[in-house]
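Report on the following structure.
Note that the structure is a prediction, hence the values are computed from the model and not measured.
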Amino acid sequence: INKIISRPWLCSALQFVSGLGPMKTKAVLDHARRRDFLLSRQELADSHVLDAGIFRNCAGFIIIHRTSSMMASEVKRMNVLDETRVHPENYSLAEQIVMDALEVDPTQLSDVEGDDFDDDEG
């Protein structure tokens with residue numbers, strides 16, 4: 001979504017996301033533009049721009065990327081899973097897989113970064 005805000009030529013493709021259409025796409029983009037960017041999928045759900053059923057249908061297709069206009073404190077508040085195709089309903093499962101793979105407890109999960117997944121062995 002954040003990339004679409006700064007690249008208007010991509011806006012027309014958003015209407016083909018499951019559950020959206022031209023009118024809902026316009027509402028989503030208007031909401032995001034008022035804020036300059038979205039910090040999370042949950043923010044979109046809480047805004048009541050989309051009802052719960054529509055949000056459930058499109059959430060896995062909507063990716064919230066970090067942008068250069070975000071402050072460091074805003075980036076820290078972002079959920080890294082919002083930048084993936086993992087559906088919000090499955091975040092707890094994805095977090096459990098990460099904790100098991102990295103052998104960390106839940107309190108350390110917020111310190112995990114993308115570099116922790118690099119395979120140095122080959």
task = Any chance you could measure Asp82, atom CG, to Ile62, atom CD1, to the nearest 0.5 Å?
result = 10.5 Å
query = Do Leu50 and Ile63 belong to the same hydrophobic cluster, where Ile, Leu, Val, Met, Phe, Trp and Tyr are linked whenever their side-chain heavy atoms lie under 4.5 Å apart, directly or via other members?
reply = no
note = In terms of heavy-atom contacts, Phe55 and Leu44 come closest through CE1-CB, 4.5 Å
message = Just verifying a value: how many Å separate Asn79 CG and Gln42 CD, rounded to the nearest 0.5 Å?
response = 10.0 Å
ask   = With sequence neighbours left out, what residues match Lys3 under salt bridge (Lys or Arg N to Asp or Glu O under 4.0 Å)?
value = none
query = Is a side-chain N or O of Asn90 found less than 3.5 angstrom from the main chain of Leu93, in a donor-acceptor match?
reply = no
key: Check: Leu81 and Arg41 side chains under 4.5 Å, non-hydrogen atoms   = no
Show me, pair by pair, the donor-acceptor contacts under 3.5 angstrom made by side chains of residues 15-33, not counting sequence neighbours?
{"unit_1": "Gln15", "atom_1": "NE2", "unit_2": "Ser12", "atom_2": "O", "d": "3.1"}
{"unit_1": "Thr25", "atom_1": "OG1", "unit_2": "Gln15", "atom_2": "N", "d": "3.3"}
{"unit_1": "Thr25", "atom_1": "OG1", "unit_2": "Gly21", "atom_2": "O", "d": "2.7"}
{"unit_1": "Lys26", "atom_1": "NZ", "unit_2": "Asp30", "atom_2": "OD2", "d": "2.8"}

request  = Using the rule that two of Ile, Leu, Val, Met, Phe, Trp, Tyr join whenever any of their side-chain heavy atoms come within less than 4.5 Å, decide whether Ile1 and Phe61 are in one cluster.
outcome  = yes
note = CD1 of Ile97 to CG of Leu102, rounded to nearest 0.5 Å, is 11.5 Å
query = Roughly how far apart are Cys58 SG and His87 NE2, rounded to 0.5 Å?
reply = 8.0 Å
remark   = Here the gap from Asn2 atom CG to Arg7 atom CZ, rounded to the nearest 0.5 Å, amounts to 10.5 Å
Spacing of Arg56 atom CZ and Glu89 atom CD [to the nearest 0.5 Å] = 6.0 Å
